Protein chains: 2
Amino acid sequence: MSDNDLVLENFLPYRLSYLTNIISRRLARLYSGEFGITAHEWKILANLNRHPDISAAEVGEKTAMDKVAVSRAVSGLCYKGLVDRKISQQDRRRSVLNMTAEGKKIYGQIKPLVIDYEKSLLNILSPQELSLFDQLLDKLTRHVETD
Amino acid sequence: MSDNDLVLENFLPYRLSYLTNIISRRLARLYSGEFGITAHEWKILANLNRHPDISAAEVGEKTAMDKVAVSRAVSGLCYKGLVDRKISQQDRRRSVLNMTAEGKKIYGQIKPLVIDYEKSLLNILSPQELSLFDQLLDKLTRHVETD
DNA sequence: TGAAATAAGTTTCACTTGTAACTATAATTA
DNA sequence: TAATTATAGTTACAAGTGAAACTTATTTCA
């Protein structure tokens with residue numbers, strides 16, 4: 001067996017995926033339990049908070065979700081009364097999405113939980129380590145994004 | 001709006017998940033297309049290569065997969081003739097799993113593709129950066145593993 | 001012993017997700 | 001301007017996934 005044999009525990013894509021899965025599960029617990037929000041729905045709420053009046057396609061761009069996932073999550077949010085969907089008068093194919101008052105309220109309740117979780121996660125790293133990790137993550141991401 | 005508002009593009013769990021998803025998709029292409037192997041199946045092959053004669057439960061431990069996923073992936077591999085499943089004579093509930101000759105052949109074909117992909121991924125980082133990223137990843141993983 | 005509890009693995013059911021087909025509207029161009 | 005092409009979003013179908021129930025085998029301990 002060659003000495004560059006494949007050892008999953010050392011294989012970086014696998015380790016990255018392992019870490020990410022744990023973190024995603026923990027985060028999902030924050031919104032799924034008490035609030036009944038899925039990860040996709042949460043991502044959309046966070047985007048509508050920053051960018052009101054955007055369309056489903058724009059949500060898709062900003063969240064890297066495909067349009068079917070966006071459609072389903074937006075439907076779920078509308079059904080729960082957290083998002084309001086209007087038809088654009090400029091282009092009647094497009095939707096114009098916004099959080100409702102109730103949506104903003106829920107968003108405001110979940111946001112601190114999520115931010116606290118991120119803090120608790122990152123407090124194991126020193127400021128220098130965090131900054132480095134940040135840069136390396138960016139570097140890798142820019143690298144893999146070039147198809 | 002508070003200044004520690006939630007901005008997904010800066011939110012580390014989101015960025016980690018984004019990077020991981022791209023990498024996982026690319027990797028999956030390496031085995032799914034030509035070889036018809038799923039990511040789960042591939043993980044199991046890689047484990048059986050290093051640890052012959054293990055049981056489904058042991059595969060589960062080593063891959064962090066749940067037992068249902070292991071059961072299904074092993075069934076798929078047996079059906080394709082890549083893995084051989086015997087009943088343990090010491091404990092007839094347990095299975096004893098091994099790659100077949102054909103399984104080893106396929107494994108040997110996929111392995112270099114996967115290793116090359118990892119190399120192409122990491123060659124954007126200097127040896128120092130890589131070593132740092134490695135350490136930080138470990139540190140974060142150990143941190144989140146403590147429930 | 002033998003009844004109850006535990007363990008390995010599979011099957012089932014409900015839910016999620018991805019791909020492709022479809023509907024409705026808008027833009028293009030012959 | 002009418003026919004074609006492209007776009008936004010939804011629906012339908014198939015495949016994947018997770019939780020719980022189930023089957024068979026083993027262990028525990030009264």
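All of these numbers come straight from a predicted model, not from anything done at the bench. Keep in mind that the numbers below use all heavy atoms, side chains included, and drop hydrogens, waters and symmetry copies.
For residues 5-37 of chain A, the set of pairs meeting the ring pair (Phe, Tyr, Trp, His ring centres under 6.0 Å) definition, not counting sequence neighbours, comprises A:Y31-A:W42. Residue pairs satisfying the salt bridge (Lys or Arg N to Asp or Glu O under 4.0 Å) criterion with at least one member in residues 76-88 of chain A, sequence neighbours excluded, are listed as follows: A:E41-A:K80, A:D84-A:K86. Screening residues 6-19 of chain A for salt bridge (Lys or Arg N to Asp or Glu O under 4.0 Å) gives A:E9-B:R50, A:R15-B:D134, A:R15-B:D138 as the qualifying pairs, with residues at least two apart or on separate chains. Contacts classified as salt bridge (Lys or Arg N to Asp or Glu O under 4.0 Å) and involving residues 65-76 of chain A (residues at least two apart or in different chains) are not found.
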Protein proximity profile, nucleotides 3-14 of chain D - base contact B, sugar-phosphate-only contact S, no contact -, cut-off 4.0 Å on heavy atoms
---BBSBBBB--

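Take the nearest nucleotide of DNA chain D for B:H40 and for B:Q90: the residue whose nucleotide is more 5' is B:H40. Ranked by how close their nearest DNA chain C nucleotide is to the 5' end, A:S88 and A:A69 are led by A:A69.
As a whole-Å value, the separation of A:R25 CZ from D:dA19 C1' is 14 Å. Rounded to an integer number of Å, the gap from NZ of B:K43 to C1' of D:dG16 is 14 Å. Straight-line distance from the CG atom of A:N21 to the P atom of D:dT17: 12 Å, rounded to whole Å. The interatomic distance linking B:D66 (CG) with D:dA19 (P) rounds to 7 Å, in whole Å. For B:L97 and C:dT10, the CG to C1' distance is 14 Å, given to the nearest whole Å. Between A:R92 atom CZ and C:dA26 atom P there is a gap of 6 Å when expressed in whole angstrom units.
Here B:Q135 pairs with B:S131 under the side-chain hydrogen bond (donor to acceptor under 3.5 Å, both in side chains) rule; sequence neighbours left out.
Closest approach of A:L113 and A:L30 over heavy atoms only: O-CD1, 3.6 Å.
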